[in-house]
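See below for the structure under consideration.
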Amino acid sequence: MSWTAAILTLFPEMFPGPLGQSLAGRALDADLWRCETHDLRSFGLGRHKTVDDTPCGGGAGMVMRPDVVDAALASVSRNDGASCVYLTPRGRPLTQADIRRYTAGSGVTLLCGRYEGVDERVLEARSVEQVSIGDYVLSGGETAALVLLDACVRLLPGVMGSAESGVEESFSDGLLEYPHYTRPAEWNGRAVPDVLLSGNHAAIARWRREQSERVTRERRPDLWAAHLSNTTHSSVQEG
Ligand SMILES: CN1CCCC[C@@H]1Cn1ccc2ccc(-c3n[nH]c(N)c3C#N)cc21
């Protein structure tokens with residue numbers, strides 16, 4: 001059975017969207033992964049298939065009802081240990097380690113919310129993982145789900161050929177990737193760093209590592225601190 005993304009959404013037509021193109025699209029066509037959408041509206045209540053209601057305690061907007069979301073989750077409940085993930089700005093940051101965990105299994109169930117979000121009770125009742133793709137506010141969970149799926153699909157066996165960019169060059173060792181260059185050797189008065197044209201592979205590898213460390217230190221002090229902690233930890237462990 002191919003790695004399967006079960007997506008619960010009010011907008012099934014948004015999937016596979018951009019993931020139907022390029023490498024992910026070819027992988028979809030080759031059944032290397034599957035994209036199953038489940039329309040939350042079909043689990044709505046009454047003649048109008050209502051999925052939301054006003055927030056308890058007052059406030060703006062609407063909240064997605066727990067009974068509706070629970071029925072939808074029950075309809076896709078999987079016994080394959082697949083993670084069930086709710087994309088939300090209130091979630092913990094999504095990491096490459098999460099992506100590796102999701103792709104190690106048989107698939108993932110993604111709950112895409114709208115309005116002000118989903119009633120907390122169904123998320124608790126079903127131990128749904130709550131993750132965020134970043135500290136900014138989107139209109140709903142669907143675009144976040146597409147981001148998560150893109151990160152997953154590229155790691156699946158057979159999707160990224162050996163000729164493609166490194167499957168996990170960024171973040172694989174907790175550092176940001178080094179800067180990239182290509183032809184022409186000089187452009188707009190700017191030259192490619194000499195070391196990259198030297199043919200000295202050891203020097204190139206050293207330069208790239210130094211650049212990764214510099215970029216991480218400058219742009220992501222959080223990742224840099226974690227990297228230092230991990231490298232210090234492992235060196236102590238090695239004795
Ligand atoms: C705007 N509107 C009122 C304020 C709260 C959010 C809401 C919209 N909205 C509804 C469901 C839903 C799910 C994910 C996200 C989301 N935003 N930013 C992220 N990193 C996200 C993730 N992952 C936004 C969502």
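In each ligand, atom 1 is the first atom listed, and ligand 1 is the first ligand listed.
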message = With a 6.0 Å cut-off (strictly less than), is the heavy-atom count around CZ of Arg34, excluding the residue itself, greater than 12?
response =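 Yes, CZ of Arg34 has more than 12 neighbouring heavy atoms, counting only those of other groups under 6.0 Å.
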
key: Donor-acceptor side-chain pairing of Thr95 and Asp98 below 3.5 angstrom   =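 There is such a pair between these side chains.
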
query = Quick one: do the Arg214 and Gln211 side chains pair a donor with an acceptor below 3.5 Å?
reply =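 Note: Arg214 and Gln211 side chains meet the donor-acceptor criterion.
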
ask   = side-chain hydrogen bond (donor to acceptor under 3.5 Å, both in side chains) with Asn188: which residues, sequence neighbours excluded?
value = none

ask   = Who are the residue neighbours of ligand 1 when the rule is a heavy atom under 4.0 Å from any of its atoms?
value =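 Residues Leu87, Thr88, Pro89, Gly113, Arg114, Tyr115, Glu116, Val131, Ser132, Ile133, Gly134, Tyr136, Val137, Leu138, Ser139, Gly140, Gly141, Ala144 each place a heavy atom under 4.0 Å from ligand 1, listed by chain and number.
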
key: Identified side-chain contact (heavy atoms from CB on, under 4.5 Å) counterpart of Trp3 within the set Val108, Leu155, Leu32   = Val108

request  = Give me the one residue out of Thr37, Thr109, Val118, Val69 that meets side-chain contact (heavy atoms from CB on, under 4.5 Å) with Leu8.
outcome  =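 Only match with Leu8 under side-chain contact (heavy atoms from CB on, under 4.5 Å): Thr109.
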
